[in-house]
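In this chain, residues are counted from 1 in sequence order.
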Amino acid sequence: MNNKGFHLSVSAVSKAKNHSVVAKSAYNSGSKLVDEQSGVVHDYTSKAKDKILNLVDSDGTKYTQVIEKNVVHTALLTPTLAGDLAVTREGFWNDIERIETRKNAQLGTEIDVMFPDGITADQRIVLAECYAQTLSDRYNVLVDVAIHRPHSHEKHVGEVEVVELTSRNFHAHILLSSREIVADVKGYALSARKNWLQWSTEERLSKGLNGRGDELKYQRTLWADMANELLPENKTISEKSYRELGISRLPKMKLGKSLYKDILKGNRSVIHEYNETIDEINAYIEKNGLVIEYDDKGRIDLESNEQEVNGVTIHYKKRKPFARIELSNIRFVDPAAELEPAIPKNKNQTHSDAANDHALDELLAISANFVSQKKMVRSALFSTIDALHEELAHQSKQIITIDKNIKSTQRFTEEVGQDFSEPRQKMIELARKIHTKEQSEALKTALVLVDQFRQDDTLQTGRAVSRLEEQLSQIDKTVLNNKAVLKKLIPLNNRVIDDHKALKATLKPFAATLNKLATDFKALDEIDVEKSDLSLQWDQAFSDLQDIDVTNNMDTYHKFAAFADLDVERFKYLQKEREVLSTLKAVEINADADTRLTALAADVKAFKTTNNEDIKQLKQQINTSKKTYQRLSPFYEQRIALLDQSEAVIVQDDDLYDEIISTKTTQLNADRLEDWRSRTMALQYQLNKAHEQAKLKKEAERAREEALIRRRETLQQRRQQRHLLSVSESMRPKHIEIDLTI
């Protein structure tokens, strides 16, 4: 029976605890869901992706490790009777949030289960979905299933070394909706009834469900039964407690992910310390063969209360099914005595009976003495092995640290510049003379043999004990030799470490100043960029003022253009000096190096201050120029427009034309422009009036000329008519009368 492979916990997702069922589903499924009620986006898609850790081993070698995605499988399951329903995770849980309006409403129920050892990856999916489908059909609700891989935790050790630690439990989150789901013309509908966990006892029984506590027991038993169908016999699990199974073992408290992280960080955990205490008690119980006698008077889980409702047998209890364990009420009972005491003598015993009793007493005394001697030998062997094991473990830790330092000597040289090759070679030669691994393995074998002695006295012969004592003696000699070598090796190791630390201490303030200078040089780079930008801005600002005839003073231009220039040669010198100082090793740092570094810091500060002052003045000039342009440009444009539009008119007035042309842009204002416009308009009016009068005069003259021409033409026509008439009269025949009568 794998009694350590069962875990099932049930918790409510409730508004009273500020829970969000949308957030819970997003976390479980490793998806991105939007809570339409609050507008919050819950994005846990990183849980559904592989994670790459950049690690560094003890030798400083960098490598990567892929941590597989946390979310392995997800599914939405609906009741079989409802048929195929078109349900989306985001839409459904938002519907639940909308329908559950009470401030303390229960939005769902989450069941966390752990997969026992022996279940394959494919079987986990089958088991989780079958279990969830059974609950979905039983309660007529939607079930959101998510299978998670064991959580991965990162622990940072020192400055660069990273250790990746992983717990070993595959588990599933099974989220049940608070309302029944049924088929509907729109796809699906949620019942108007309250949470299925909050039904009355009568309603529970009428629906074929158990009482509240027994329903929890049903869920636990169902998981164990379904899992056992997939497990081999030697790994089956049980939902029952140690107490129900009759196992003499005390239960521990669940540590939880957050407390596990605290332990990795070195924080104290009361639960963790409690569990360590329980481990010690359980080890003592197992070692001494003790049996826990529980005071099970009135034990609730042994009671049976069955009721028949509509032909269905229902298990119902008004109380929780499991009683609490009170440690103060637990008594430890020795399961059996090794020897029974002699039967008390009475007056009716015969002499032979007394002799037999006396012989029996002597036999028991001898046996007890013999057994006691064997126990003493075993105890002495155990003590020797423990002492040697402890010393070897201590020596192993020391040599591991020294080996690590030997490997690090090259890095030490690179860091501080001192040559550690000579002490390194001596350390390697001495370290080769230390032997711990083989002796530790031999001690493990000896420990197993002594434990066999305890279990079977016949194996504990004098020859076996003598051979074992010889082996332990050889190991003891090796341990003493290791001590002698370590006595020489440890000071050598400490001297290397001390030298390295001392040089690093010398390097630290020097490096800190260099690091600060790196920030200052970054500021200088930014100054260079800013000056380049300001140079362009100044060119544009001066050009704009030239365009509107405000200035053409090149001395002013060159004066402020000089502020935009960076002393490149000086900057290169400062950079080169910093690079040279950055290459110095700790052994090369002396008073001269400190002086150079101090001078460099002062030069950089002065260089930075000067350039910042240049930037300040240039910004002020650019700002002034832009404001001047913004103020005068409209007046200039208006003057140009006035000249473009009315130049033909203005040139008619020499004084006005000269005034407009010769006036400086800086002297322009709205009143002057308005005056010019008024005078221009008046001049325009006079010119237009004169033009009209000239036009009228010209038209009158043309009309007189046209009338004269018409008169002349009329006289000419009349003369021609009189001439023609006179000609026709002269040619007409004289009058002759003719009688036409026939």
Side-chain angles (χ1 to χ4, degrees), residues 52 54 56 62 64 159-160 414-415 417 507-586 588-589 592-637 665-666:
I52 299 178
N54 296 315
V56 182
K62 296 181 179 179
T64 59
E159 297 179 355
V160 294
E414 293 174 356
E415 288 179 352
L507 181 62
K508 188 174 181 180
F510 195 84
T513 304
L514 283 173
N515 289 336
K516 185 178 182 302
L517 278 177
T519 304
D520 292 337
F521 271 91
K522 185 177 179 182
L524 293 182
D525 289 334
E526 294 172 354
I527 286 173
D528 187 19
V529 173
E530 187 174 11
K531 279 198 166 188
S532 299
D533 180 58
L534 290 174
S535 176
L536 297 175
Q537 291 184 38
W538 170 237
D539 288 344
Q540 184 62 46
F542 190 82
S543 177
D544 289 344
L545 293 179
Q546 282 183 313
D547 290 342
I548 63 174
D549 296 334
V550 171
T551 183
N552 199 26
N553 189 341
M554 297 309 295
D555 290 338
T556 300
Y557 170 76
H558 290 302
K559 171 186 175 182
F560 288 97
F563 288 145
D565 293 335
L566 186 76
D567 189 346
V568 178
E569 294 302 321
R570 182 64 177 171
F571 184 59
K572 287 182 178 179
Y573 165 76
L574 296 175
Q575 280 186 318
K576 185 176 180 181
E577 180 69 1
R578 174 176 168 267
E579 290 172 0
V580 171
L581 292 175
S582 298
T583 59
L584 295 179
K585 298 295 184 181
E588 299 172 318
I589 296 175
D592 179 60
D594 287 333
T595 301
R596 289 173 62 186
L597 182 60
T598 303
L600 177 61
D603 289 346
V604 169
K605 183 178 180 181
F607 190 78
K608 183 178 177 183
T609 301
T610 301
N611 282 275
N612 282 333
E613 185 62 31
D614 289 348
I615 288 173
K616 181 179 178 181
Q617 293 191 43
L618 184 56
K619 281 183 176 180
Q620 289 176 349
Q621 180 61 25
I622 291 172
N623 187 42
T624 301
S625 299
K626 286 182 177 179
K627 288 182 178 179
T628 301
Y629 178 80
Q630 291 171 358
R631 178 172 56 85
L632 297 177
S633 176
F635 298 139
Y636 178 81
E637 297 296 335
T665 303
T666 54

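A salt bridge is defined here as a Lys NZ or Arg NE, NH1 or NH2 lying under 4.0 Å from an Asp or Glu carboxylate O, and D520 with K516 meets this definition. Under the 4.0 Å criterion applied to side-chain N and carboxylate O atoms, K619 and E530 are assigned as salt-bridge partners. Checked for salt-bridge contact, K531 and D614 meet the test: a charged N lies under 4.0 Å from a carboxylate O.
When only modelled atom types and interatomic distance are considered, D547 and Y629 share no side-chain donor-acceptor pair under 3.5 Å.
Here the side chains of L597 and L517 are in contact, with some heavy-atom distance below 4.5 Å. Residues D592 and R596 meet the side-chain proximity criterion, which asks for heavy atoms closer than 4.5 Å. Within the 4.5 Å cutoff, the side chain of Q617 has no heavy atoms near those of the Q621 side chain. Between E569 and D567, some side-chain heavy-atom pair lies under the 4.5 Å cut-off. Between F510 and L584 there is a side-chain heavy-atom pair separated by less than 4.5 Å.
The line from CG of L514 to OG1 of T583 is 9.5 Å long, rounded to the nearest 0.5 Å. We find the CD1-NZ distance between I527 and K522 to be 13.5 Å, quoted to the nearest 0.5 Å. Annotation: the span from K576 atom NZ to L600 atom CG amounts to 13.5 Å, rounded to 0.5 Å. To the nearest 0.5 Å, the span separating CG on N611 from CG on L618 amounts to 11.5 Å. Here the CD-OG distance, from E577 to S582, works out to 10.0 Å after rounding to the nearest 0.5 Å. T665 contributes atom OG1, which lies 10.5 Å from atom CZ of R631 (distance to the nearest 0.5 angstrom).
In plain terms, the two heavy atoms of N552 and F542 that are nearest each other are C-CZ, 4.4 Å. Contact between A518 and R578 at its shortest, heavy atoms only, is CB-NH2, 3.3 Å. Looking at every heavy atom in both residues, L507 comes nearest to A586 through CB-CB, 4.0 Å. Closest non-hydrogen pair, K585 versus E415, comes out as CD-O, 4.2 Å. When all heavy atoms are compared, the tightest approach of Y636 to I548 is CD1-O, 3.3 Å. The minimum heavy-atom distance between I589 and A593, with the atom names listed, is CA-CB, 4.2 Å.
Applying the ring-ring contact (aromatic ring centres under 6.0 Å, His included) rule to pairs touching residues 558-586 yields W538-F560, F560-F563, sequence neighbours excluded.
The 12-atom threshold is exceeded at CG of L536, counting heavy atoms of other residues, nucleotides or ligands nearer than 6.0 Å.
Residues forming a side chain to side chain donor-acceptor pair (under 3.5 Å) with D603 (at least two apart in sequence, or on another chain): R570. Checked against side chain to side chain donor-acceptor pair (under 3.5 Å), D533 has the following partners two or more places apart in sequence or in another chain: Q537.
Distance alone, capped at 3.5 Å, is enough to place a donor-acceptor pair between the T610 side chain and the A606 backbone.
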> When you look at L524 and V604, which way does the side chain to side chain contact (heavy atoms under 4.5 Å, CB included) test go after all the steps?
Replying inline: CA-CA 9 Å; L524 293 182; V604 169; 4.2 Å; yes
